[in-house]
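Shown next, in structure tokens, is the structure this report addresses.
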Amino acid sequence: MSRLSFINKHLGKYRYLLLSIIIATIIYAGINLLSSLIFSFVIDNVIGNSAIENPLMAFLASILGGVDNIRNNLWIMAIVLVIVYICVNLLMSYRQRMQGVVSEKLVENIRNDLYSHLQILPYAYHVKTKSGELIQKCTSDVDMVRRFFAGQLCEIFYIVATAIIALSVLYSINLRLALIASVSLPIIFLYSYFFFKQVQKQFLLSDEAEAFMSDVIQESLSGIRVIKAFNREKYEVQRFLNTSKKYSDITYKMIQYLGSYWSSSYAICLLGILSVVVAGIFAVRSGELTIGNFTVFVSYQTMILYPIRQLGRIMTDFGKVTVSLKRLVDIINEEGEDLISGEKPDLLGDIEFKNVSFSYDEDHVDVLKDIDLLIKENQTVALIGPTGSGKSTLIYLLSRLYEPSKGDIYINHHNLKDINKNYLRENVGIVLQEPFLFSRTIMSNLKISRPDIDENEIYDATSIAAVHDVIKEFDQGYDTIVGEKGVTLSGGQKQRVAIARTLVKKTPILIFDDSLSAVDTQTDAKIRKSLKEVFNKCTTIIITQRVASAKDCDNIFVIEDGRITQSGTHKELIQKEGLYKRINELQTNTESEVI
Ligand code: ADP
Ligand code: MG
């Protein structure tokens, strides 16, 4: 999608409103210029006696009953002027109000579309893109577009229309003087354009300094417990003062730059006007120009020069808008996941990995290497292996957060590639290694997969996860709001709520990715026992680093450096030389729970 079609799409039906604003702006630019011509007409043709040269004024005089009539009733001209001003005012206020409507609707559509699109972008995209960066795009880039449509776009039309109409009138009055009047226009435009291009670098530095300052605030606030525990308050304050000073220095420098720009560009504008005044006086004295037309020259020059100076600034901002737009279009152009096509077979069956390899980066080493794995229907199996051996990656492949680089995965003899992704994820319940709970009530966290679920089912799940009694003891019970950083729940409690949340889904496949690491061994055993009793129609994969959590499983797979190196029951594996035997000895002898 190009930038233009991006805007067009998000404007929707408001594009016609935008068009009407642009037309109103051009008309109002024209009417606004009329007042000077009327003054000139009064001076030269009504008060003075010269013949009317301007066809527009000749027309005006004829509908107002001729010059003699106007001369005897000067109030007519006053009324004409009032009408002109009222028209200008009405059009201007129409433009102001409607610009607000169009720009707000446009950014509302963009924001909503961006957010929905971010939701369907693949997991891999979110892993490699910093969330801060995305937030920045969804806020400041969108705001940049809003500001452009809330004023600058129509301002460009206003300035260009004013310049074209005014210059054509001036050229029709006096060629030589119009040339003199034109000279200063490109000068002031280029001066302000290049100034703001230069100053943009300062803006960028100032933005960066501001972002850095908010990073410092955010980090120190979220790490406040560590700061207090290590008596780092003074250091943190000093760190903030330094960043704050840097931001002030840059901003101060920018204000100075801007100050000198406004005064110097003002001087250039004055020089431009002065040149027209001086040349005009000579032209009037030599009879080449009427006094009325002289006033037209001076007022038009003023009416064009200042806006042209503004145009330089708008054009540099326009550069920024196109960059912002490109960043937004890039997000929208990222291909989202196809969540809706594919088969929806029964997923209670064997899970089979056939010769599966995978690497996160195409030119990087394989994280999983030739994995062959058969997990029988209804079995509970354990996957045990050191940190970084590829256990979580294997699970990501099973829920199609990533696709294998080689080989195939089958569930109940259906190739994973052919299965509808939404359906697959509904049916594969994963408790992630690092549970994330939303800052909502515990109940709404638990209901996330099934909002209409009967609350008794929730209590069953929390009982299995050995967290029901804990929640009951909170003052607000299930209505306790989980703190912003999960402060109100301990690590183990959070993990157990996350387990219950997955159990609520009642999926035929259940996966615990190191999910019991933060609970003690007894609770771990208790949870596994009640799971077995209640979830008897379910294939379960327990990823763990504890032999205690694995030993009751029907089958155990040992994974080392992306390869399955051993498999069998606990009894079989402790007989064989290998990692499992070593871990077992280490953990039973020293009661250490970590490999
Ligand atoms: P485990 O769960 O067994 O601790 P993982 O599956 O998380 O191991 O990781 C296996 C390997 O893949 C590790 O070497 C890890 O550094 C790497 N890895 C994990 N996630 C990514 C990623 N998003 N991009 C690149 N490498 C990754
Ligand atoms: Mg892991």
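Since we're looking at a predicted model, the values are computed, not measured. In each ligand, atom 1 is the first atom listed, and ligand 1 is the first ligand listed.
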>> Tell me whether Phe212 at atom CZ has more than 12 heavy atoms from other residues, nucleotides or ligands lying less than 6.0 Å away.
In response: no
>> Counting neighbours of NZ on Lys421 that are heavy atoms of other residues, nucleotides or ligands and sit closer than 6.0 Å, is the number greater than 12?
In response: yes
> Do ligand 1 and Ser389 have nitrogen or oxygen atoms that lie under 3.5 Å from each other?
Replying inline: yes
> What residues form a ring pair (Phe, Tyr, Trp, His ring centres under 6.0 Å) with Tyr402, not counting sequence neighbours?
Replying inline: Tyr123, Phe358, Tyr360
> For ligand 1, does Ala124 get within less than 4.0 Å through its side chain, its backbone, both, or neither, judged by non-hydrogen atoms?
Replying inline: neither
> Which residue owns the protein heavy atom closest to atom 13 (C) of ligand 1, what's the atom, and how far is it?
Replying inline: Gly388 O, 3.8 Å
>> I'd like to know if the side chain of Asn555 and the backbone of Val381 have a donor-acceptor N/O pair within less than 3.5 Å.
In response: no
>> Taking Val199's backbone N and O only, do any of them form a donor-acceptor pair with Gln202's side chain (distance below 3.5 Å, no angle check)?
In response: no
>> Just to check, does Gly390 reach to within less than 4.0 Å of ligand 1 when the distance is taken from its heavy atoms?
In response: yes
> Looking only at atom types and distance, does a side-chain atom of Lys326 sit under 3.5 Å from a main-chain N or O of Arg3, one as donor and one as acceptor?
Replying inline: no
>> Suppose we measure from atom 7 (O) of ligand 1 to each protein heavy atom; which comes out shortest, and what is that distance?
In response: Ser392 CB, 3.7 Å
> Is there at least one protein heavy-atom neighbour under 4.0 Å from atom 15 (C) of ligand 1?
Replying inline: no
> Looking at Phe438, does the NZ or CZ of Arg440 lie under 6.0 angstrom from its six-membered ring centre and within 45 degrees of the ring axis?
Replying inline: yes
> Which atoms of ligand 1 are found less than 4.0 Å from any heavy atom of Pro386?
Replying inline: 3 (O)
> If only atom types and distance count, is the side chain of Arg528 paired as donor or acceptor with the main-chain N or O of Ile542 below 3.5 Å?
Replying inline: no
> With the threshold set at 4.0 Å, does a side-chain nitrogen-carboxylate oxygen contact exist between Asp330 and Arg327?
Replying inline: no
>> Both conditions, 6.0 Å and 45 degrees, for the charged tip of Lys105 above the ring of Phe149: are they met here?
In response: no
> Do we see a donor-acceptor contact under 3.5 Å between the side chains of Glu560 and Ser389?
Replying inline: no
> Hey, is Val127 touching ligand 1 through its side chain, its backbone, both or neither, going by heavy atoms under 4.0 Å?
Replying inline: side chain
>> Inside 2.8 Å of the Mg ion (ligand 2) but strictly below it, how many protein N/O/S atoms are present?
In response: 2
> Checking His117 side chain against Glu334 main chain: does a donor-acceptor pair fall under 3.5 Å?
Replying inline: yes
> With a 4.0 Å cut-off on heavy atoms, is Gly562 touching ligand 1?
Replying inline: no
> So which heavy atom in the protein is nearest atom 6 (O) of ligand 1, and how far is it from that ligand atom?
Replying inline: Thr393 OG1, 2.4 Å
>> Within ligand 1, which atoms have a heavy atom of Val367 less than 4.0 Å away?
In response: 10 (C), 11 (C), 12 (O)
> Where the closest heavy atom to atom 24 (N) of ligand 1 is concerned, which of Tyr402, Phe358, Tyr396, Tyr360 has it?
Replying inline: Tyr360
>> Protein non-hydrogen atoms only, distance under 4.0 Å: does atom 18 (N) of ligand 1 have such a neighbour?
In response: yes
